[in-house]
Amino acid sequence: MALDLIIIIVFLALGIILILAEIFLIPGFTIAGIGGFLFYAGGIYYAYSRLGVMGGTITLTGSAIIFAIIFFQLIRSNALDKIALKENIDSKVETSDVSKIKVGDIGVTLSRLNPIGKIRVNGITVEAKSSDDFIDEETSVEIIKVHVNQVIVKKIESF
């Protein structure tokens, strides 16, 4: 009986520790969370199988209360402040010179547009997308659409 209680306590303690580590320390869904769940579920199952329905229910209720107390104490404590991100990121990415490019401008492909590649237009190098077919490099293209982050071009047919 005493050995059963020790096994249950160890399983539940490992489960609670791993689940709390998953929540507060390890980002994402990892092996710690899966392992914590398995240890916790194993401890509860072992309690039901060895201590009966009453012992298993007491173990489940008690461990849930202990988990909740530890969880809320960790949230309220200053221990997590040391690892928490407190600064706001308010910088902006520099906008490209796409605003200087207008529909109807003529440019030259610097790389093959397959369907996306680099072009130079008005002295500016930007990424462009072909409107229909692939366009080889060193080919003249005309701007047909300008979006905030994308330029759409078509090949200028030579006569």
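Start at 1 with the first residue, then count along the sequence.
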About how many Å separate [atom2] of [Y] and [atom1] of [X], when rounded to the nearest 0.5 Å?
X      : Y      : atom1 : atom2 : answer
Ile7   : Arg50  : CD1   : CZ    : 7.5 Å
Leu12  : Leu60  : CG    : CG    : 9.0 Å
Asn114 : Phe134 : CG    : CZ    : 4.5 Å

Requested in this report: Give a yes or no on whether Ile34 atom CD1 has more than 12 heavy-atom contacts from other residues, nucleotides or ligands under 6.0 Å away.
Outcome: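 Check passes, neighbour count above 12.
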
Query raised in the report: Is Ile124 close to Lys100 at the side-chain level, that is, under 4.5 Å between some pair of heavy atoms?
Result: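 Touching, per the 4.5 Å side-chain cut-off.
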
Report task. Check whether any side-chain heavy atom of Ile144 sits under 4.5 Å from a side-chain heavy atom of Val153, and report yes or no. Result ->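 In short, these two side chains do not touch, never coming nearer than 4.5 Å.
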
Query - Where Asn122 and Ile101 come nearest, the two heavy atoms and their spacing - result: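 Where Asn122 meets Ile101 most closely, the heavy atoms are ND2-CA, 4.3 Å.
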
Single-linkage hydrophobic cluster [X]~[Y], side-chain heavy atoms < 4.5 angstrom:
X      : Y      : value
Val146 : Ile152 : no
Ile70  : Phe67  : yes
Val151 : Val103 : yes
Leu51  : Leu3   : yes
Leu74  : Ile69  : no

**Report entry** Where at least one partner belongs to residues 139-156, residue pairs that pass salt bridge (Lys or Arg N to Asp or Glu O under 4.0 Å), sequence neighbours excluded
**Finding:**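 Listed once each, the pairs would be none.
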
Query raised in the report: Which pairs with one or both residues in residues 105-116 pass salt bridge (Lys or Arg N to Asp or Glu O under 4.0 Å), sequence neighbours excluded?
Result: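 Passing the test, one end in residues 105-116: Arg112-Asp136.
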
Query - Donor-acceptor contact present, side-chain Ser111 to main-chain Gly117, <3.5 Å - result: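 Pair absent, no side-chain N/O of Ser111 close to backbone of Gly117.
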
Query raised in the report: Counting only N and O atoms by type, is there a donor-acceptor contact under 3.5 Å from the side chain of Thr109 to the main-chain atoms of Thr139?
Result: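 Judged by distance alone, yes, a pair lies under 3.5 Å.
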
Query raised in the report: Taking ILVMFWY side chains as joined if any heavy atoms are under 4.5 angstrom apart, and letting links pass through other members, which residues group with Met54?
Result: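 Ile58, which link up through side-chain heavy atoms under 4.5 Å apart, make up the rest of the cluster.
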
Distance-only check: which donor-acceptor pairs under 3.5 Å involve side-chain atoms of residues 14-29, not counting sequence neighbours?
from: Glu22; atom 1: OE1; to: Thr30; atom 2: OG1; distance (Å): 2.5
from: Glu22; atom 1: OE1; to: Gly33; atom 2: N; distance (Å): 3.0
from: Glu22; atom 1: OE2; to: Thr30; atom 2: N; distance (Å): 3.1

Requested in this report: Can you run down the side chain to side chain donor-acceptor pair (under 3.5 Å) pairs that involve residues 32-43, sequence neighbours left out, and say none if there aren't any?
Outcome: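 Sorted result for residues 32-43: Tyr40-Ser63.
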
Query - Residue among Leu110, Val126, Thr125 satisfying side-chain contact (heavy atoms from CB on, under 4.5 Å) with Ile119 - result: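 The residue from Leu110, Val126, Thr125 that satisfies side-chain contact (heavy atoms from CB on, under 4.5 Å) with Ile119 turns out to be Val126.
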
Requested in this report: Apply side chain to side chain donor-acceptor pair (under 3.5 Å) to Thr59 and list each qualifying residue two or more places apart in sequence or on a separate chain.
Outcome: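 Testing Thr59 for side chain to side chain donor-acceptor pair (under 3.5 Å), a comparison that skips the adjacent residues, returns none.
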
